[in-house]
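Only one structure is covered here, and it is reproduced in the block below.
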There are 2 protein chains.
Amino acid sequence: MNMKPNLVPKPTGSPAAFAEAAECLKILAHPVRLRFVQLLLHGRFTVGELAEDAGVPDNVASEHLRLMQRCGFFTSQREGRRVYYQVAEPHLKQLMECVEARFLH
Amino acid sequence: MNMKPNLVPKPTGSPAAFAEAAECLKILAHPVRLRFVQLLLHGRFTVGELAEDAGVPDNVASEHLRLMQRCGFFTSQREGRRVYYQVAEPHLKQLMECVEARFLH
DNA sequence: TTGACATGTCGTGACATCACGAGATAATGG
DNA sequence: CCATTATCTCGTGATGTCACGACATGTCAA
């Protein structure tokens, strides 16, 4: 009943690692959040600037940014009444380049 | 009230392109489906083989595979009673390498 | 202090995703 | 045919995601 075994060595990765990867990809998998990543890879921006660029209300942008801060993608500093966000996760650059190569070019 | 404009040229990408990218990333963002991508980047496998490796019932695996076939990630060929799946989207390789570099190594 | 501005928080309802079980379809061998 | 194996399909209920409005917090300038 069994067939010939697949002789190719199976790639690695614990179930927990796949779960974490899926979690983070799910956070990345939103058009507004993708746009935020792309912008923040090119500089610092405030909540209001990001919101206006993406065409969403400020509080919506704020919630997206909070999400991405919680999983380590972004960090923020308050300067006066504004809050500037920037990229904190170095792998985001290469990951975004892959996404741009496939979908945005 | 206005601050100095951000002189950095803004990166490209239509809203529709971001929406499509987010759609595909969302499909990728599942631990079982990530594992399927990883395995299929190393060879051809049947539904049953993939299901057993991932520890999910066959029908669940079948639904995941159908999803990834619909968005162009995989293709399938029937051989007897078995159905073999393989990678169809060339960018998946580089994308998975990014994910592995960040989460699986 | 007051008022305006920038951001953050919370509750809610609409909608999507998910795993599961039951059953359908397809192919093989006796 | 009939039984078995492999895959697929469908309905359902649980859970998660999302945008929105209302409101809270924080900051500054007059």
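Values below: all heavy atoms of this structure, side chains included; hydrogens, waters and symmetry mates excluded. Proteins come first, then strands; the chains are lettered A, B, ... in the order of their sequence lines, and each starts at number 1.
- The nearest whole Å value for the distance from the CG atom in A/L67 to the P atom in D/dA19 is 10 Å.
- Proximity of B/T46 to the phosphate of D/dT7: a side-chain N or O atom is located under 4.0 Å from OP1 or OP2.
- Atom CD of A/E52 has 12 or fewer neighbouring heavy atoms from other residues, nucleotides or ligands inside a 6.0 Å radius.
- Comparing A/V60 and B/D58, the nucleotide of DNA chain D nearest to each residue sits closer to the 5' end for B/D58.
- Note: CD (A/Q77) to P (D/dT27) measures 15 Å, nearest angstrom.
- Residue B/Y84 places no side-chain N or O under 4.0 Å from the OP1 or OP2 atom of D/dT7.
- In this structure, the side chain of A/R78 engages the main chain of A/G80 through a donor-acceptor pair within 3.5 Å.
- Look at CD on A/E49: it is 17 Å from P on C/dC5, rounded to the nearest Å.
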Pair A/R33-A/E63, salt bridge (charged side-chain N to carboxylate O under 4.0 Å, His left out): steps then yes or no: CA-CA 10 Å; A/R33 295 196 287 264; A/E63 288 177 356; over 6 Å; no
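- Side-chain polar atoms of B/S76 and B/Q69 form a donor-acceptor pair below 3.5 angstrom.
- For B/E63, counting side-chain heavy atoms from C-beta on, the closest listed nucleotide (C/dA26, D/dT27, D/dT9) is D/dT9.
- Under the side-chain hydrogen bond (donor to acceptor under 3.5 Å, both in side chains) criterion, the residue pairs touching residues 96-105 of chain B are A/E89-B/R102, B/Q38-B/E100, B/K93-B/E97, with sequence neighbours excluded.
- Separating the CD atom in A/E23 from the CZ atom in B/F103 is a distance of 10.0 Å, to the nearest 0.5 Å.
- One can place CZ of A/R81 at 12 Å from P of C/dA4, the figure rounded to the nearest angstrom.
- Atom CD in B/E79 sits about 16 Å away from atom C1' in D/dT5, given to the nearest Å.
- Remark: A/S62 is in phosphate contact with C/dG8, judged by side-chain N or O atoms under 4.0 Å from OP1 or OP2.
- The stretch residues 15-39 of chain B has no heavy atom under 4.0 angstrom from DNA chain D at all.
- At a cut-off of 3.5 angstrom, counting only N and O atoms as typed in the model, there is a donor on one side and an acceptor on the other between the side-chain of B/N59 and the base of C/dG21.
- One interatomic measurement links the two molecules: CZ of A/R44 to C1' of C/dA6, which rounds to 15 Å at whole-angstrom precision.
- Here the P atom of nucleotide D/dT7 and the NE2 atom of B/H64 are 15 Å apart, to the nearest Å.
- Ring geometry, B/H64 versus B/H30: the interplanar angle falls from 30° to 60°, so the pair is classed tilted.
- Dashed line: the shortest gap from a side-chain N or O of A/R66 to OP1 or OP2 of C/dT9 is under 4.0 Å.
- Atom-to-atom, CZ of B/R82 to P of D/dC8 comes out at 13 Å; the value is rounded to the nearest Å.
- Comparing A/S76 and B/P57, the nucleotide of DNA chain C nearest to each residue sits closer to the 5' end for A/S76.
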